[in-house]
K.L.:
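Questions regarding the structure given below will be posed in turn.
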Amino acid sequence: MWSSGQLSMRWAALFCILATLCTLFTPAVTVKENDFKKCNQSGFCRRNRDFADNAIGSSSWESPYGILPESASFQDGQFQATILKAINDKGDTVRLPVTISFLQSGTARVTVDEEKRQKQDIELRHDSKARKERYNEAEKWVIVGGLDLDKDAKVAYQDKSQWTVKYGPASTHEAVIKFSPLSIDFKRDGTTQIKFNEKGLLNMEHWRPVPSADPEPEKKEGEENQEEAKPEEKSGEDESTWWDETFGGNTDSKPRGPESIALDISFVGYEHVYGIPSHAGPLSLKETRGGDGNYGEPYRLYNLDVFEYILDSPMTLYGAIPFMQAHRKDSTVGVFWLNAAETWIDITKGKESKNPLALGIGSKTSTHTHWISESGLLDVFVFLGPTPRDVIKNYGELTGYSAMPQEFAIGYHQCRWNYISDDDVKDVDRKMDKFKIPYDVIWLDIEYTDGKKYFTWDPNMFKDPVGMGDHLDEHGRKLVLIIDPHIKNEDGYPVVADLKSKDLAVKNKEGNIFDGWCWPGSSHWIDAFNPAATKWWTSLFKYDAFKGTRENTFIWNDMNEPSVFNGPETTMPKDNLHHDGWEHRDVHNLNGMTFHNATYQALLSRKSGELQRPFVLTRSFFAGSQRVGAMWTGDNQASWEHLGAAIPMILSQGISGFPFSGADVGGFFGNPDKELQTRWYQAGAFYPFFRGHAHIDARRREPYLAGEPYTAIITAALRLRYSLLPSWYTAFYQAHRDGTPIIRPMFYTHPAEEGGFAVDDQFFVGGTGLLVKPVVEQDKETADVFIPDDEVYYDYFTYNVIPTSKGKNVTLLAPLDKTPILMQGGHIFPRRDKPRRSSALMKWDDYTLVVTVGRNSKSAEGELYVDDGDSFDYEKGQYIHRKFVLDGAANTLASTDAEGRDAKSVKEGAWLQGMRQVSVDKVIIVGAPSSWAGKKEVTVESEGKTWTAALDYTGAENVRAAFAVIRRVGATIGADWKVSFA
């Protein structure tokens, strides 16, 4: 028998064990902000913020960085010099090599290294096996082009204190490099756009000698989240986190000591800045130094598994793209901070005027940003625009444009955690057909595996995965399986045995294989920075290796931040080691992309000669991830607030070079009511990536379970998505070609309309002129749409002319069964109007063209891009790209090759030959001129033949515009043709 005291101790011990196991296997149900660092709990962020406070608060502050004049040189578009950092009053300095590269695109690049680390002339602590240099391989993973130097760039002025370099198109760009204190002024057409180190916040923490003895003992658990008083140090600097740092019971050893980099970047005359996803906040970024409506914390970029994230917050999420744009009327500029370490960004704004007494007359708002990274090089690209399109295009030249997806990937995806068996999957598929609900893909989460072991199937619940895949294939549908980077550490599991024997896993700081906890329990992580690991990874996906998969199986990469349940901030320790000895702190934000890339490469090589385009969804991402797949916004909630937050998040992704993005429709956590679920499908139908998903504890919510009238309304939203697939695919092609966002915010489409610069709850779809404003509030049956121009707008469904005024809102009726969609005059967009069960079954359907006649010109333009939607044959010219023009003066509608190609110059493969049977079935002209009234037919000319087609004209009535329908046009979609209305 135990005494009461012994029983209490026994129960306390059991409770502690249970609590520990819960933290190992299941993250908290809701995010706890205290589990994630604030700036004052991140040593390097706190030090640099203090540095900024001291600099800005001192009237006598002068940056300790200056260029050694005699070190400066310029050749073939590149300025090189040595920066001297003064480190004390004795005249001691640190040498920092700087290179400023002027590129043919008009982009400039500023790179600063540290000579002592560059030469490996340093010592490491703890007998570390880490590299001695600053991390210098981010370029290898991120940059794919655009680095050709501008050999025509020239030094326009130089003396011992500054140089001026002219570069860019027609030498309209200038970089004024001031030597002491160091600053760089980037100008376009003689006007300053961006300034580096204007505030003197440049800070590169140089290497210090290893301390002779370890610093103070580690804090006890529970003390680490308390802000420390700064100790009095001989150096005058806060050294408390130089060598070790503890948070959440985890201690980070720092073998290289302090090595952060920081720089202030000012956008002169720019009030709005955008980008740096991913955060759950507005598109136009907020200030971060407090004040009414502002944040008190910097934006953080450190990819983490944030369960049920907080809205309207600068808190980090799953991915990081350190690309920021600034916009003012008719001018856009940007910077790309190429650094994969933990990064914080402060934003402040202020009025500036040449006359301090001007009381706003002639004053302008500038945005000042302070970028802070823990390690690596200072490596920044500068884009001087002048348009949003220019900035995004030039960024894409460096990091690559979006992969051209398979057509099925832009259809609807049905997912939940988890479909429990192959019979369950087939049953969902049958019911979607029974209720005539279109979809393309069904997904399986982790429960399909045998005990959370990837590349296996649960032998009881998924007895016949090939039969399941065959069943889906009969209906033109695909299967997506989740594969995460953590590999279960279990005896008898061949994959983990192979990972260990081949030494392809991430190591801990001692150089031994790292063991952490994730869904399977004890796990190891593939080190996808290692080329040998990627090669091995690809072998696991071959059809004869991953039994049960087939040609319609694709992959989902989750938890690849990486998520480590028992790690600091639910991720990997920063002093872990990757391939070639780089610390995890150096590459953390790249980790998800390397794994995403490895999976993409694996799907390219499943079978010799197959070469179908991969589809891989990722949760974690970095600049360049757009080249290999899609992303989603992570673990959202079934709430109206999360529905509203999704649109600015997706818009931010689009303008940051990664437009293939979406949010879990319905919300991952919780159970949406019928109204919320319905409205979310209406919004999701206009996400580039369109997936319904739910948590394992959420009720089943397939569209057919909603009941009437909700199922019918949801089905209508899905059919709308499918009818517009040709327009969506064309928008994806435009993104693939030059980085154009797939859904476009107002500042992008109307860069001169200042009232739209902060609007982030509506968007245009590609180049269609479709203006969409999803309803994201409960019980709301109206929508206020901002009108950015003087063009005519028609209601998509009724053809009513909307009474609009430029720069004002118009209120539209939006009952539950209607999504507010306007058609801007002057556009032509393609549809396929026959309802089908999946995109594959629409492959040979004819097209409908919708023409919206412009207010003044009575003209319209548009385009269609189409290829086989599956292979890489489009790279060999096997595609159709048409330009459509309604010429109001000539009274004609014509189709020509958008690239001026001669049809005879392209040898037709099987797909192009098949498309010769696909025609323009119907043309709808909204806003048709009254001169067509009474006309019964039009003349069609194509490929040397002439014929007539029927014209039905309906005159204007009340607020509805006149419209005309040409029936059975009959012209081949890929051929030149012309319709004459005369």
K.L.:
Do S373 and W337 have a side chain donor and acceptor closer than 3.5 Å?
P.N.:
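Per modelled atom types, S373 and W337 side chains form a pair under 3.5 Å.
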K.L.:
Apply side-chain contact (heavy atoms from CB on, under 4.5 Å) to the pair N203 and Y65, showing each step before the final yes or no.
P.N.:
CA-CA 8 Å; N203 188 30; Y65 294 83; 3.3 Å; yes
K.L.:
Could E114 and R134 be called an ion pair, given the rule that one side-chain N must be under 4.0 Å from one carboxylate O?
P.N.:
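Yes.
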K.L.:
Assess whether salt bridge (Lys or Arg N to Asp or Glu O under 4.0 Å) is satisfied between K286 and D312, documenting all intermediate values.
P.N.:
CA-CA 10 Å; K286 291 188 176 184; D312 195 15; 3.0 Å; yes
K.L.:
Do the numbers put K574 on top of the ring of Y302, so that NZ or CZ is under 6.0 Å from the six-membered ring centre and no more than 45° off the axis?
P.N.:
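Yes, a cation-pi geometry.
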K.L.:
Rounded to the nearest 0.5 Å, how far apart are CD1 of I265 and CD1 of I194?
P.N.:
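These two atoms lie 7.5 Å from each other.
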K.L.:
Start with the C-alpha distance between E198 and D264, add both sets of side-chain angles, then the distance that settles side-chain contact (heavy atoms from CB on, under 4.5 Å), and finish with yes or no.
P.N.:
CA-CA 7 Å; E198 179 189 22; D264 62 285; 4.0 Å; yes
K.L.:
Could you check W582, F529, F622, F621 and say which one makes a ring-ring contact (aromatic ring centres under 6.0 Å, His included) with W141?
P.N.:
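The passing option is F529.
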K.L.:
Sort out for me which residue in D484, D558, D664 forms a salt bridge (charged side-chain N to carboxylate O under 4.0 Å, His left out) with R619.
P.N.:
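So, applying the salt bridge (charged side-chain N to carboxylate O under 4.0 Å, His left out) to R619 and each of D484, D558, D664, only D558 qualifies.
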K.L.:
Sequence neighbours left out, what passes ring pair (Phe, Tyr, Trp, His ring centres under 6.0 Å) with F267? Give chain and number order.
P.N.:
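Here no residue qualifies.
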K.L.:
I need the single residue from W371, Y274, F383, F658 that forms a ring-ring contact (aromatic ring centres under 6.0 Å, His included) with F323. Which is it?
P.N.:
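Going through the options one by one, the only one that passes is F383.
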K.L.:
Quick one: which of R131, R256, K509 gives a salt bridge (charged side-chain N to carboxylate O under 4.0 Å, His left out) with E583?
P.N.:
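Result for salt bridge (charged side-chain N to carboxylate O under 4.0 Å, His left out) with E583: R256.
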K.L.:
Could you check whether any side-chain N or O of E287 sits under 3.5 Å from a backbone N or O of K349, counting only pairs where one atom can act as donor and the other as acceptor?
P.N.:
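Yes, the answer is positive, given that a donor and an acceptor are paired below the 3.5 Å cut-off.
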K.L.:
Is the closest side-chain donor-acceptor distance between S240 and R46 under 3.5 Å?
P.N.:
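The criterion, which ignores hydrogens and geometry beyond distance, is satisfied for R46 and S240.
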K.L.:
So, applying side chain to side chain contact (heavy atoms under 4.5 Å, CB included) with F668, which one of H642, H695, Q637 is it?
P.N.:
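Exactly one pass, corresponding to H695.
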K.L.:
May I ask you to decide if G516's main-chain N or O and H524's side chain share a donor-acceptor pair within less than 3.5 Å?
P.N.:
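Between the backbone of G516 and the side chain of H524 there is no qualifying donor-acceptor contact (under 3.5 Å).
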K.L.:
Sort out for me which residue in F669, W556, W519 forms a ring-ring contact (aromatic ring centres under 6.0 Å, His included) with W417.
P.N.:
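The residue from F669, W556, W519 that satisfies ring-ring contact (aromatic ring centres under 6.0 Å, His included) with W417 turns out to be W519.
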K.L.:
side-chain contact (heavy atoms from CB on, under 4.5 Å) for F660 and Q626? Distances and angles first, verdict last.
P.N.:
CA-CA 7 Å; F660 196 0; Q626 67 271 9; over 6 Å; no
K.L.:
Over all heavy atoms of both residues, which pair between D586 and E259 is shortest? Give the atoms and the distance, please.
P.N.:
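Taking every non-hydrogen atom into account, OD1-OE2, 4.4 Å.
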K.L.:
I'd like to know if the side chain of D379 pairs up with that of N339 as donor and acceptor (distance under 3.5 Å, no hydrogens or angles considered).
P.N.:
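D379 vs N339: no donor-acceptor pair found between side chains.
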K.L.:
Does the structure place the NZ or CZ of K488 under 6.0 Å from the centre of the six-membered ring of Y454, at an angle of no more than 45° from the ring's axis?
P.N.:
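No, cation not above the ring by the 6.0 Å, 45° rule.
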K.L.:
Between S128 (side chain only) and R125 (backbone N and O only), is there a donor and an acceptor less than 3.5 Å apart?
P.N.:
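Between the backbone of R125 and the side chain of S128 there is no qualifying donor-acceptor contact (under 3.5 Å).
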K.L.:
Please check if any side-chain donor atom of H578 sits under 3.5 Å from a side-chain acceptor atom of H584, or the reverse.
P.N.:
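Yes, because at least one side-chain N or O of H578 sits under 3.5 Å from a partner of the opposite role on H584.
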K.L.:
State whether W243 and R208 meet the cation-pi test: NZ (Lys) or CZ (Arg) under 6.0 Å from the six-membered ring centroid, and within 45° of the perpendicular axis.
P.N.:
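No, R208 does not lie over the aromatic ring of W243.
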K.L.:
Main chain of F44, side chain of N48: is a donor-acceptor contact present, judged purely on distance under 3.5 Å?
P.N.:
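Checked: pair present.
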K.L.:
Of the non-hydrogen atoms in A533 and L504, which two are nearest, and what is the gap between them?
P.N.:
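Heavy-atom minimum between the residues: N-CD2, 3.8 Å.
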K.L.:
Identify the heavy atoms of S402 and P659 that sit nearest to each other, and give their distance.
P.N.:
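Shortest heavy-atom separation between S402 and P659 comes out as OG-CD, 3.1 Å.
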K.L.:
Under a 4.0 Å threshold between the charged nitrogen and the carboxylate oxygen, would R585 count as salt-bridged to D252?
P.N.:
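Between R585 and D252 there is a salt bridge, with a charged N closer than 4.0 Å to a carboxylate O.
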K.L.:
Look only at the side chain of T571 and the backbone of S563, and say whether a donor-acceptor pair between them is shorter than 3.5 Å.
P.N.:
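Here the side-chain-to-backbone pair does not exist.
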K.L.:
Do you know which two heavy atoms are closest between D35 and E569, and how far apart they sit?
P.N.:
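Looking at all heavy atoms of both residues, the closest pair is O-CG, 3.7 Å.
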K.L.:
On a heavy-atom basis, which atom in W344 and which in E342 lie closest, and how many Å separate them?
P.N.:
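The answer is NE1-OE2, 2.9 Å.
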K.L.:
Is it true that T348 and H368 share a donor-acceptor pair across their side chains at a distance under 3.5 Å?
P.N.:
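Judged by distance alone, the side chains do not pair up.
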K.L.:
Please determine whether side-chain contact (heavy atoms from CB on, under 4.5 Å) holds for the pair F336 and V382, giving the CA-CA distance in whole Å, both sets of side-chain angles, and the decisive distance to 0.1 Å.
P.N.:
CA-CA 7 Å; F336 172 41; V382 177; over 6 Å; no
K.L.:
I'd like to know whether E139 forms a salt bridge (Lys or Arg N to Asp or Glu O under 4.0 Å) with R109, so could you lay out the CA-CA distance, the side-chain angles of the two residues, the decisive distance to 0.1 Å, and finally the verdict.
P.N.:
CA-CA 12 Å; E139 176 183 320; R109 180 186 193 181; 2.7 Å; yes
K.L.:
Closer than 4.0 angstrom, basic N to acidic O: yes or no for K254 and D244?
P.N.:
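No, K254 and D244 are not salt-bridged.
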K.L.:
CD1/I321 to CG/L301 distance, rounded to the nearest 0.5 angstrom?
P.N.:
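Atom-to-atom, I321:CD1 and L301:CG are 9.5 Å apart.
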K.L.:
For the residue pair R691 and W632, would you count it as a cation-pi contact if the rule is NZ or CZ under 6.0 angstrom from the ring centre and within 45 degrees of the ring axis?
P.N.:
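Flagged: R691 positioned over aromatic ring of W632.
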K.L.:
Carefully, step by step, assess D575 and K129 under the rule salt bridge (Lys or Arg N to Asp or Glu O under 4.0 Å).
P.N.:
CA-CA 10 Å; D575 49 13; K129 297 175 174 60; over 6 Å; no
K.L.:
Minimum heavy-atom separation for P648 to G281, with atom names?
P.N.:
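Answer, listing the atom of P648 first, then G281: CB-O, 3.7 Å.
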K.L.:
Among side-chain atoms of H596 and S625, is any donor-acceptor pair under 3.5 angstrom?
P.N.:
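No.
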K.L.:
Sequence neighbours left out, what passes side chain to side chain contact (heavy atoms under 4.5 Å, CB included) with T599? Give chain and number order.
P.N.:
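In terms of side chain to side chain contact (heavy atoms under 4.5 Å, CB included), with neighbours along the sequence ignored, T599 is linked to W537, F541, I555, N557, F595, V616.
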